[in-house]
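Here's the structure we're looking at; comments come further down.
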Amino acid sequence: MRVVGPHTVTYLRRNPEPTPVRFGFIVAKNVGGAVVRNRIRRRMKAASFDLLPGVPAGTEVVFRALPTSVDASWPVLVAELSTALVKGQRGR
């Protein structure tokens, strides 16, 4: 399942076995230099830890940052990732 937002694209896959939740992060070079890419990856990683309790076991999530994620504020980024996870769990 793919959920597209203004700053990220989220890919979700459910594993039939109840394995621990796994997160992956993709930040391509078109987002910015190495410092910018690492900052965006760290922000997405921190947001995913906050959202972890609401994700069912066996879910695999990949967040791909878009170039607009550089200018996204923390509350906007967290809200977008949370919304993507909710939509992905509903199957939309």
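Model, not experiment: these values are computed from the prediction. Hydrogens, waters and symmetry mates play no part in the numbers below; they use all other heavy atoms, side chains included.
- Under a 4.5 Å side-chain heavy-atom cut-off, the cluster of Ile, Leu, Val, Met, Phe, Trp and Tyr residues that includes V76 has no other member.
- Contact record, A46 with W74: CB-CH2, 3.8 Å, taken as the closest heavy-atom pair.
- The minimum heavy-atom distance between A47 and L81, with the atom names listed, is CB-CD1, 3.6 Å.
- Side-chain atoms of S82 never come within 3.5 Å of backbone atoms of A79 as a donor-acceptor pair (strictly under, hydrogens ignored).
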Solution key, residues 23-36 side-chain donor-acceptor pairs under 3.5 Å, sequence neighbours excluded:
none

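- Judged by distance alone, with hydrogens and angles left aside, the side-chain atoms of T68 form a donor-acceptor pair with the main-chain N or O of P6 at under 3.5 Å.
- V70 is listed as a side-chain neighbour of R39, based on a closest heavy-atom distance under 4.5 Å.
- At distances below 3.5 Å, not a single donor-acceptor pair connects side-chain atoms of E60 with backbone N or O atoms of V21.
- In the hydrophobic clustering of ILVMFWY residues, with side-chain heavy atoms under 4.5 Å counting as a link, L52 and V78 come out apart.
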Q: May I have the step-by-step check of side-chain contact (heavy atoms from CB on, under 4.5 Å) for L85 and V61, ending in yes or no?
A: CA-CA 8 Å; L85 288 174; V61 183; 3.9 Å; yes
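- A distance of 11.5 Å separates CZ of R37 from CD1 of I40, quoted to the nearest 0.5 Å.
- Residues M44 and V4 do not share a hydrophobic cluster, clusters being chains of Ile/Leu/Val/Met/Phe/Trp/Tyr side chains in contact below 4.5 Å.
- For the atom pair S48 OG and R22 CZ, the distance stands at 13.5 Å (nearest 0.5 Å).
- When all heavy atoms of A84 and T10 are compared, the pair lying nearest together is CB-OG1, 3.4 Å.
- Under the 4.5 Å side-chain contact rule for hydrophobic residues, V62 and M1 do not share a cluster.
- One finds the NE2 atom of H7 at 9.0 Å from the CG atom of L66 (value rounded to the nearest 0.5 Å).
- Connection of L12 to L77 is established within a shared hydrophobic cluster, with ILVMFWY side chains joined at heavy-atom distances below 4.5 Å, either directly or through further cluster members.
- Between the side chain of R43 and the backbone N or O of A72 there is at least one donor-acceptor pair closer than 3.5 Å.
- Put simply, the side chain of T59 gets close to the backbone of P56: a donor and an acceptor are under 3.5 Å apart.
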